[in-house]
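Let me begin by presenting the structure, written as structure tokens, before commenting on it.
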Amino acid sequence: GNSVTQMEGPVTLSEEAFLTINCTYTATGYPSLFWYVQYPGEGLQLLLKATKADDKGSNKGFEATYRKETTSFHLEKGSVQVSDSAVYFCALNPNQAGTALIFGKGTTLSVSS
Amino acid sequence: NAGVMQNPRHLVRRRGQEARLRCSPMKGHSHVYWYRQLPEEGLKFMVYLQKENIIDESGMPKERFSAEFPKEGPSILRIQQVVRGDSAAYFCASSPPGTLSPLHFGNGTRLTVT
């Protein structure tokens with residue numbers, strides 16, 4: 001079946017530190033991969049996406065590369081800010097008719113100044 | 001272009017009452033998804049609808065929960081005879097047709113059952 005596993009949080013960092021949030025997946029076929037971010041009290045916002053192997057998604061200094069050989073889509077940022085504090089969700093779209101996005105459990109990031 | 005609109009933002013119900021959660025998708029979006037978020041459990045898929053059709057309801061509890069997306073008007077998630085375990089944040093998302101389209105989420109309805 002299809003599933004997403006991401007590292008458990010919370011992740012606590014100081015401002016300007018390097019961030020990695022691990023995400024691995026299992027899927028049949030050729031899924032698309034996404035990272036969503038949820039700020040307190042809000043819904044999820046699309047952060048970045050990759051639709052095929054070796055694609056790199058990037059946005060707001062965040063990056064993630066679709067690695068088919070390791071079935072991974074790790075989220076990275078070189079220098080985090082306090083405003084990056086949020087919950088980050090890795091998600092998979094199986095790209096099969098009639099199927100919805102499958103989310104990981106979310107990783108809470110807390111950045112202090 | 002307004003985003004996905006959910007209402008109410010907060011809903012309090014006593015055990016045994018009915019809860020109705022509404023979702024208006026983005027303009028031009030014909031696909032609606034409902035997810036439930038519980039602490040420590042992440043987002044759980046509940047149901048996927050297109051206008052007047054339920055495409056996938058594999059995540060819906062078999063009893064008390066129902067969803068619809070009529071030809072006119074918002075999508076409705078209905079929970080009958082609520083219990084304390086139904087307390088959660090319920091998120092609606094919409095997308096245009098196409099399997100590669102990303103989802104756009106509303107800000108959620110936080111249901112509290114007392």
Counting heavy-atom pairs closer than 4.5 Å to chain A, which one of B:V47, B:V4, B:N107 comes out on top? B:N107
B:F105 CZ to A:Y36 OH distance, which is reported to the nearest 0.5 Å: 5.5 Å
With chain B as the partner, which of A:G9, A:G106, A:G41 has the greatest number of non-hydrogen pairs under 4.5 Å? A:G41
Who passes side chain to side chain donor-acceptor pair (under 3.5 Å) against A:D55, sequence neighbours left out? A:T51, A:K52
Give, as side chain, backbone, both or neither, the part of B:Q37 having an atom under 4.5 angstrom from any heavy atom of chain A. side chain
Spatial distance of atom CG (B:L103) from atom CG (A:N93) [nearest 0.5 Å]: 7.5 Å
For the student: nearest non-hydrogen atoms of B:F45 and A:A100, plus distance: CE1-CB, 3.4 Å
Has B:Y33 got a side-chain atom pairing as donor or acceptor with A:L101's backbone, closer than 3.5 angstrom? no
Are A:I102 and B:L38 grouped together when hydrophobic residues (ILVMFWY) are joined by side-chain heavy atoms under 4.5 angstrom apart? no
Could you identify which residues cluster with A:Y30, counting Ile, Leu, Val, Met, Phe, Trp and Tyr as linked when any side-chain heavy atoms lie under 4.5 Å apart, either directly or through a chain of such contacts? none
Enclosure of B:Q81 CD (heavy-atom neighbours >12, cutoff 6.0 Å): no
Select one option (side chain, backbone, both, neither) describing which atoms of A:Q45 are under 4.5 Å from chain B's heavy atoms. neither
Does CE in B:M5 sit with more than 12 non-hydrogen atoms of other residues, nucleotides or ligands closer than 6.0 Å? no
What residues of residues 58-67 of chain B make heavy-atom contacts with chain A at a cutoff under 4.5 angstrom? none
Separation of A:L44 CG from B:H104 NE2 (nearest 0.5 Å): 12.5 Å
Residue A:E16 excluded, over 12 heavy atoms near CD under 6.0 Å: no
ILVMFWY network linking B:M26 to B:L49, side-chain heavy atoms under 4.5 angstrom: no
A:M7 and A:Y88: same hydrophobic cluster, using ILVMFWY side-chain contacts below 4.5 Å? yes
Grouping I, L, V, M, F, W and Y whenever their side-chain heavy atoms are under 4.5 Å apart, do B:I55 and B:I76 come out in a common cluster? no
Residue-level interface, residues 8-19 of chain B with chain A, non-hydrogen cut-off under 4.5 Å: B:R9
Distance in Å, B:F91 CZ paired with A:F103 CZ, rounded so as to fall on 0.5 Å steps: 10.0 Å
In terms of heavy-atom proximity below 4.5 Å to chain B, should A:L46 be classed as side chain, backbone, both, or neither? side chain
Within one Ile-Leu-Val-Met-Phe-Trp-Tyr cluster: B:M46 and B:L43, side-chain cutoff 4.5 Å: no
